[in-house]
Participant: 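The following block contains the structure, expressed as structure tokens.
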Amino acid sequence: MTQNGSGETQPPLLEVNDLKVEFDTYGGTVQAVRGVSFSIEGGQTLAIVGESGCGKSVTVQTLMGLVPMPPGRLKSGTATLRGENILGQTQIGGKDFRGSEIGMIFQDPMTSLNPTMTIGRQIAETLEVHRGWSRKKSLARAVELLEMARIPEAAQRAKQYPFEFSGGMLQRAMIAMAIACEPAILIADEPTTALDVTIQAQVLDLMQDLQRDRGTAIILITHDLGVVARMADEVAVMYAGQIVERGSVDDIFYRPAHPYTVGLRAAMPSNNPAAEHRLLPIEGSPPDLFSPPVGCAYAARCPHAMRVCNTHDPAPFAVGKGHFGKCWLHHERVPGGAQRIVSAIAGATTGDVVQPASANQGDAR
Amino acid sequence: MTQQQPIPDPAMFTDDAFEPLHGELRVQKLTRPSLSYWQDAWIRLKANKRAILSLYIVIGMLLFTILGPQVWRVNPAEQDLLQVSSAPGADRSAVLVAPYRPWTNIPPAPIKPGLKLVGQATTQKVQLIWAPIPGAADYRVYRDIIAPDRQAGIYGLPLGTTGSASDTYYEDLLDLRAGTTYYSVVAMNAEGKDTAKSETLKIKLIDGITASEAVDRGLLKPDAIPPLGTILQLPLHPAGTDYLGRDMLARLMQGAQVSLFIGIVAPLLYVLFGIGYGSIAGFLGGRVDQVMMRFADFVVALPFLLFMILFKIGFGIGPGESGITPLIISMTILLWPGTARLVRGQILQVREEAYVNAAQLLGARTGYLVWRHMIPNTMGVILVTLTFAIPTAIFTEAFLSFIGMGVAPPTASWGSMSNDGIKSMLVHPHELFFPALMISITVLAFNLLGDGLRDALDAKMRSRE
Amino acid sequence: MLLYAIKRLILGIITVWFIATATFLAMHAVPGDPLSGDKAMTAQIRQNLEKKYGLDKPIGEQYLIYLNNLAHGDLGISYTQKNREVNDIIRENFPISATLGIMAVVFAGIGGTLFGALTALYRNKWPDTVIMLAVILGISVPSFVFAAFSQLIIVKINTALGFSLLPVAGWGTVSHILVPSMVLGLGTMAYLTRLMRSSMLEIVSSDYIRTANAKGLAQTRIFTQHQIRNAILPLVTVLGPAIAAITTGSFVVELVFAIPGLGRYFVQAVQQLDYTVIMGTTVFFGAFLVLMVILVDLLYGFIDPRVRLN
């Protein structure tokens, strides 16, 4: 919640509450998203982290109205953009908010662009639709946007087709397309997963620069903690369709409040060759979302699991300012529980800690 | 997380709630049973109502072909000349008539104008007599199965003239068929032209059968002949008869044997050949593979139906041969490349798959690789190809038989029956309708079954859900 | 692109040679020889005829003569219609078949695209159900049945109206083309509809349609600008086989509707065992189809930028 000058509370830029999404398949109903809540303010970067299938993509795609329904089904929840509902609809006040208010880029740039339409046209199209510009004006702007996205010889490139671009260039073109109408929020769904490591940095830099110039809020979906450390202000860790921990990037890296966060950390390779570091996989596999467990979804893989974890789903416990952990270890009947979580880091990583962006941005570049 | 969910009341927890867990309690059981490839495919197929219905139709068709002739024991070649081109459900009654004798005792012409029938109108003979029409020099007699159009002067088939104005009688013996018939007598002028004066009579012809014919057909016993005029029931033809009076149902069954035999054996042969050719090319690879596949490309380029016809001519059909074997051989020669390409592609693809490499690295034997990976990944495609090949083969046979290049008469196939039926389609639609229906239903069933199988066996679709 | 076209053309010529050789071999596998059908032939006439058609020479030489003639575009003289060149027969009758075929392709192409797009747009609603039912019928019912039943319907309509709305058979006016070309194109149209539908549905769930949705484009715009164009591409690739299907389909349709096209002529030649006409028309049809496939492939290359620019 932000306070403006007059002391009135203004609704957050984007607020999502208790979002639940299910999919009907021939094998039964998959509970893909099970009560997700978060909010984001302008200029902020929120990273949603989790392994494949944890529901992070479904969450944002539901907000964008990209989940086909059926088989998808909205079970409950609200989502508001500046206080206006966007859930279950694609328009605010008769105008489509997608592309104009919220831009989105996807994991695989190679397949995410129309193969038989030039790049320039695909960018210009957004402007024609949302701004009502002429074809020519839109195309001219598209070239500028491509330049902004650091695509060399943008005027020629705009006339080319997606197959003539490399993966990294395509993703930058996608970003140019997503920000064409200067949206308040940019959702990036695993933007670097399909790219070479060397290209990844270019794309992330571009996103950060655009955010700095325009104050765009970024929702970054990723499973790469390196990307999180570099980009995020706030982090939400998702597991089995729920947010299990939410906090600032420092909280997540230095004061984790959930064993799963710790597990993710331990499974991440280090960029510090001096440190003696063994990658520790998280044993087992995520629960079956056809019939999620009654208790904590992570209990079966958790090294600290207690009897209660199998019988009762933990509530989010506040462990600091804006920092929540959904774990029974924070319960008053487990003295020193939080210490158990943190102590696990020390044991697993022997002092090697990834540099979060906010902690040491200069080095990260 | 602006909303805090209420933390459950601690009183509800048991004392040991916060004891750490060990061992067996920690494992979450997978709730879904794991299914083998074919089990899963079968479950999917069963869920597809159209495919299952088609499967029943295919089974029904096979029963019709194999068991049908055991149940309906009628010789498909036997001609029932009393019931030629009779539609299903047509009147089967026939009246017992005396043996034919020439018409000698002609009654005097009636005084009242109009056409009159003498005696009973049967398919043996129709005897007509009429009052003289004033001004007529001669009379021409017409017959039609639809009401004549007097304004246009259309009366149907001209049977003949009586020869003089005084002869006002006519006996029709020509190719009579049971059913409603219109007889018209038109007065002719001295120049031999029809005038507008005419008389029409609508009569219902019924089949006439003599006692000796009835005995021959087994309708009567020679020692128990009922009196003339008794109505007998002719043999039943549930699907009617064709233009030679042969039982359509029996012919459809015989045709089914030919059509389905070709439809199943030909694809089986060429798919098998294609599997052999494709796997050899795929396994050997390299130059052999290239040469083999280039040859296959050329065979594909041959216009299929044209070459079917050429090969059929090339094989030549001697007298007494049905033409089934040349048809199957021609199809095999021309159609194998499709399967060969497919199988080769599959084998190359599966060989390169990471999971096969992984299995090899884990020490899997060749036999295991073939059984566990190659077979499931190619069998599905092959089965689907086979299912789609059957309707194609049935269509091809029908097409060739239709243009007279398929099975040779008197062998019946659905295609040749359609060819026969189309000639009299306007008058006796059932002769075309039934064989066409059989072809359509069978092809439809195999197509839908193929669709269902493809959906059920497609491993890619499985992972998508 | 030009290099590709030349390469395709050379391969095409080899294919035609292969077709010609296969035709020659198939015809010479006939038991007896082409003249044995005519029983009332004296030994002298027979000898003269054999000499005239070169049948007295060894098969290798016959093959060379045949290829040489073929290379000069000479397809020989009809056996049953004396003094009629096969070339003349093709020249006279092929334009009729071509007119019918082009109409059928146009009809199938437009209908297939339109109905396929409709089914995808109204997926699982009644238009989809109705059209797909018709498509299944179109694929499962042989063309001669359609031909026959359409004739039956024309007769019924004409009878009911009391005047001839459409001709039942024959050739000459525009109204003669209408029904036969529709019947001829029906099977292909059904096939194209099915292909268009699956192609459309595949594209609906594709990543770039998701992107278009995320851009906030209106559904109609996505449908017209992004979906249809990409969905039509696979249709173009099957146009080659479709033309082949329509060409052979014309045999039946021309036969049933009594249209004096090359297809009907071919069937008659087959029934009369007129060997030169059979061989000539087969090679002609073969070459025609090979050419069509090459043209369609080049057309595809032109439409799809991925192929055009590579």
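Chain identifiers are assigned alphabetically (A, B, ...) following the order of the sequence lines, protein sequences preceding nucleic acid strands; residue numbering begins at 1 within each chain.
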Participant: Determine yes or no for a side-chain-to-main-chain donor-acceptor pair under 3.5 angstrom, with A:R98 supplying the side chain and C:N213 the backbone.
Facilitator: yes
Participant: Tell me the closest heavy-atom pair linking C:G216 and A:V129, and the distance in Å.
Facilitator: O-CG1, 4.0 Å
Participant: If you take all heavy atoms of A:N114 and C:Q225, which pair is closest and at what distance?
Facilitator: ND2-O, 4.1 Å
Participant: About how many Å separate NZ of C:K215 and OG1 of A:T126, when rounded to the nearest 0.5 Å?
Facilitator: 4.0 Å
Participant: Within the structure provided, determine whether C:T211 and A:M174 are in side-chain contact (heavy-atom separation under 4.5 Å).
Facilitator: yes
Participant: Please look at A:L113 and chain C and tell me whether the side chain, the backbone, both or neither of the residue comes under 4.5 angstrom of a heavy atom of that chain.
Facilitator: backbone
Participant: Examine whether an atom of A:Q122 lies under 4.5 Å from a heavy atom of chain C, and if so say whether it belongs to the side chain, the backbone or both; otherwise answer neither.
Facilitator: both
Participant: Tell me if the CZ atom of A:R135 is crowded by more than 12 foreign heavy atoms within 6.0 Å.
Facilitator: no
Participant: Start with the C-alpha gap between C:R229 and A:M117, add the side-chain angles, then the distance that decides, and say whether side chain to side chain contact (heavy atoms under 4.5 Å, CB included) holds.
Facilitator: CA-CA 10 Å; C:R229 192 192 150 100; A:M117 199 186 251; over 6 Å; no
Participant: Ignoring hydrogens, what is the shortest heavy-atom contact between C:A214 and A:M104? Give both atom names and the distance.
Facilitator: CB-CB, 4.2 Å
Participant: Please flag which part of A:I105 lies under 4.5 Å from any non-hydrogen atom of chain C: side chain, backbone, both or neither.
Facilitator: neither
Participant: If you count every heavy atom of other residues, nucleotides or ligands that lies below 6.0 Å from C:Y191 atom OH, does the total exceed 12?
Facilitator: no
Participant: At a 4.5 Å cut-off on heavy atoms, which part of C:L233 comes close to chain A: side chain, backbone, both, or neither?
Facilitator: side chain
Participant: Sort A:E125 into side chain, backbone, both or neither according to what part of it lies under 4.5 angstrom from a heavy atom of chain C.
Facilitator: both
Participant: Which bit of A:M110 is near chain C, if near means a heavy-atom gap under 4.5 Å: side chain, backbone, both or neither?
Facilitator: neither
Participant: Does atom CZ of A:R73 have more than 12 heavy-atom neighbours from other groups under 6.0 Å away?
Facilitator: yes
Participant: Rounded to the nearest 0.5 Å, what separates atom CZ in C:R210 from atom OG1 in A:T111?
Facilitator: 7.0 Å
Participant: State whether the number of non-hydrogen atoms from other residues, nucleotides or ligands found under 6.0 Å of A:W133 atom CH2 is greater than 12.
Facilitator: yes
Participant: Has C:E202 got more than 12 heavy atoms of other residues, nucleotides or ligands less than 6.0 Å from its CD?
Facilitator: no
